[in-house]
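Just so you know, these numbers come straight off a predicted model, no measurement behind them.
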Amino acid sequence: MEKSKVLVVGGTGYLGRRMVKASLAQGHPTFVLQRPEIGMDIEKLQMLLSFKAKGATLVEGSVADHKSLVEAVKKVDVVICTMSGVHFRSHNLLLQLKLVDAIKEAGNIKRFLPSEFGMDPSRMGDALEPGRVSFDEKMIVRKAIEEAKIPHTYVSANCFAGYFVPNLSQMAALTPPKEKVCLYGDGNVKAVFVDEDDVATYAIKTIDDPRTLNKTVYIRPPENILSQRQIVEMWEKLTGKTLDKSSISKEDFLASMKGMDYASQVGVGHFYHIYYEGCLTNFEIGEGGEEATKLYPEVNYKRMDEYLKLYV
């Protein structure tokens with residue numbers, strides 16, 4: 001079967017660069033939107049040129065220029081958007097509505113993967129303010145996609161390992177604590193952690209798969225369904241050092257929001273849903289959903305003890 005041509009929008013971002021790499025690795029003719037908004041950002045330009053050197057095609061276009069976006073979309077079969085939805089970077093989720101308009105006008109797209117790749121927003125209707133804005137905006141985009149009858153796949157990738165595992169899920173740090181670790185409640189609520197390269201690998205595998213058409217694909221690697229306490233124990237085993245553990249109740253954790261900046265309040269809300277409510281693991285995948293590791297057992301996903309070894 002001929003491989004679909006793929007356009008990645010947001011290809012220089014944290015996940016986007018991995019999506020470009022995975023698309024090329026799986027043999028797809030790969031196009032990357034080159035936006036004039038990069039201006040004097042030489043690092044982004046050099047990254048785009050490195051994609052070109054590896055066989056990708058750069059396509060000029062902008063979400064601020066409808067015509068250019070339609071022309072870019074017409075060159076491909078599949079559009080994948082990886083625009084950032086996290087508040088400590090840039091938060092651009094609703095810009096995807098312009099992309100939806102372009103896809104609708106172009107009329108040729110066989111599959112659209114919008115920028116999701118986290119918790120399933122359809123399950124977060126009772127999420128706390130202000131963090132719920134991410135889920136609400138993703139649902140606005142979903143509604144536009146479905147009203148336009150655009151073929152789609154939503155990818156729920158749970159927790160990106162880089163943000164949740166090396167730091168043992170301590171907020172405001174990316175590297176492991178040296179002496180102390182704070183557990184959320186008893187630290188035993190299960191979450192799901194996925195290597196970012198694996199997120200991209202699985203996402204690309206969905207695009208030509210009829211089993212994932214108009215469905216949500218959850219990435220739940222069985223060996224990476226772990227509690228915070230299990231992550232801490234993995235780290236202690238790797239380092240041979242026992243950390244001093246404390247615990248914070250859900251009431252005190254929520255109270256810690258007071259006085260925080262907006263992005264930090266969003267983060268506290270998301271951590272609360274993950275580590276106190278268990279929002280990633282407290283449901284079965286039902287009709288309208290598929291699980292990636294069952295669909296693609298050939299992928300040798302990275303286990304979290306392997307991920308942690310980089311930080312020893």
Side-chain angles (χ1 to χ4, degrees), residues 3-4 6 8-28 30 32 47 51 54 56 78 80-86 89 111 113-121 153-169 174-176 190-209 211-212 215-228 230-231 234-235 238 270 274 279-281 285 289-312:
K3 298 268 189 174
S4 289
V6 177
V8 180
V9 178
T12 60
Y14 182 66
L15 183 61
R17 70 191 75 169
R18 292 171 165 87
M19 208 65 76
V20 174
K21 180 182 169 187
S23 180
L24 289 168
Q26 293 181 42
H28 292 275
T30 303
V32 186
M47 190 184 302
F51 296 153
K54 289 170 185 169
V78 172
I80 301 174
C81 183
T82 57
M83 286 180 174
S84 174
V86 292
R89 285 177 176 273
R111 198 76 65 98
L113 274 62
S115 185
E116 296 243 347
F117 309 111
M119 306 180 216
D120 178 0
T153 299
Y154 305 135
V155 178
S156 175
N158 297 297
C159 295
F160 284 0
Y163 285 110
F164 287 87
V165 176
N167 56 3
L168 312 185
S169 297
L174 291 173
T175 52
K190 293 287 179 79
V192 186
F193 307 94
V194 188
D195 173 85
E196 293 84 344
D197 291 330
D198 290 341
V199 172
T201 296
Y202 285 119
I204 296 298
K205 282 188 169 288
T206 70
I207 62 179
D208 284 333
D209 188 343
R211 297 173 297 176
T212 63
K215 288 188 174 182
T216 298
V217 174
Y218 299 88
I219 307 178
R220 275 189 181 179
E223 292 185 41
N224 291 354
I225 300 173
L226 300 163
S227 67
Q228 184 196 11
Q230 286 175 300
I231 295 282
M234 275 183 186
W235 179 249
L238 283 169
H270 291 184
I274 293 166
C279 70
L280 303 181
T281 57
I285 297 169
E290 298 286 350
E291 199 285 305
T293 67
K294 291 178 181 173
L295 292 176
Y296 315 112
E298 70 277 10
V299 176
N300 182 24
Y301 63 85
K302 182 165 277 190
R303 277 65 173 169
M304 290 302 103
D305 54 348
E306 283 297 315
Y307 200 98
L308 279 168
K309 282 178 184 176
L310 283 171
Y311 293 82
V312 174

Atom pair OG1/NZ of T153 and K205 - distance to nearest 0.5 Å
14.5 Å
Hey, are the side chains of I207 and I80 touching, using non-hydrogen atoms and a 4.5 Å cut-off?
yes
Those residues at least two apart in sequence (or on a different chain) that pass side chain to side chain contact (heavy atoms under 4.5 Å, CB included) with D198 are V194, D195, Y202, Y301, K302
Kindly compute the distance separating CG (L174) from OH (Y311), expressed to the nearest 0.5 Å.
7.5 Å
Minimum-distance pair of heavy atoms, taken over all atoms of S156 and G118
OG-O, 2.8 Å
Validation row: T281, V192 side chains within 4.5 angstrom (heavy atoms):
yes
Atom pair CE/CG of M119 and N158 - distance to nearest 0.5 Å
9.0 Å
Partners meeting ring pair (Phe, Tyr, Trp, His ring centres under 6.0 Å) with F164 (sequence neighbours left out)
F271
Residues forming a salt bridge (Lys or Arg N to Asp or Glu O under 4.0 Å) with D197, sequence neighbours excluded
R18
Please name all residues satisfying side chain to side chain donor-acceptor pair (under 3.5 Å) with T206, sequence neighbours left out, ordered by chain then number.
none
For K21, give me all partners under salt bridge (Lys or Arg N to Asp or Glu O under 4.0 Å), at least two apart in sequence or on another chain.
none
Any donor and acceptor pair, going by atom type alone, linking the side chain of T82 with main-chain N or O of G10 inside 3.5 Å?
yes
Can you sort out the partners of E291 under side chain to side chain contact (heavy atoms under 4.5 Å, CB included), two or more places apart, ordered by chain and number?
R220, I285, T293, K294
Out of curiosity, F193 CZ to Q230 CD, how far, rounded to the nearest 0.5 Å?
9.0 Å
By side chain to side chain contact (heavy atoms under 4.5 Å, CB included) - contacts of L295 (at least two apart):
R211, T212, E290
Close side-chain approach of R303 and M234, heavy atoms under 4.5 Å
no
Which heavy-atom pair separates P166 from A161 by the least distance, and what is that distance?
CD-O, 3.1 Å
Once ring pair (Phe, Tyr, Trp, His ring centres under 6.0 Å) is applied, do any residues pair with Y154, and if so which ones, sequence neighbours excluded?
H152
List for me each residue that meets side chain to side chain donor-acceptor pair (under 3.5 Å) alongside Q228, sequence neighbours excluded, and say none if there are none.
none
Once side chain to side chain donor-acceptor pair (under 3.5 Å) is applied, do any residues pair with T201, and if so which ones, sequence neighbours excluded?
none
For this output row, return yes or no: ring centroids of Y14 and F117 closer than 6.0 angstrom.
no
Under the side chain to side chain contact (heavy atoms under 4.5 Å, CB included) test, which residues partner S4, sequence neighbours left out?
H28, D77, V78, K110, D208
Distance from F51 atom CZ to T30 atom OG1, nearest 0.5 Å?
10.0 Å
Identify, with sequence neighbours excluded, every residue that meets side chain to side chain donor-acceptor pair (under 3.5 Å) alongside Y307.
E196
Least distance between heavy atoms, A203 atom then L113 atom
O-CD2, 3.8 Å
So do F160 and V165 actually touch side chain to side chain, heavy atoms under 4.5 Å?
no
Is any side-chain heavy atom of N224 less than 4.5 Å from a side-chain heavy atom of M304?
yes
Any side-chain heavy-atom pair from C159 and I274 closer than 4.5 angstrom?
yes
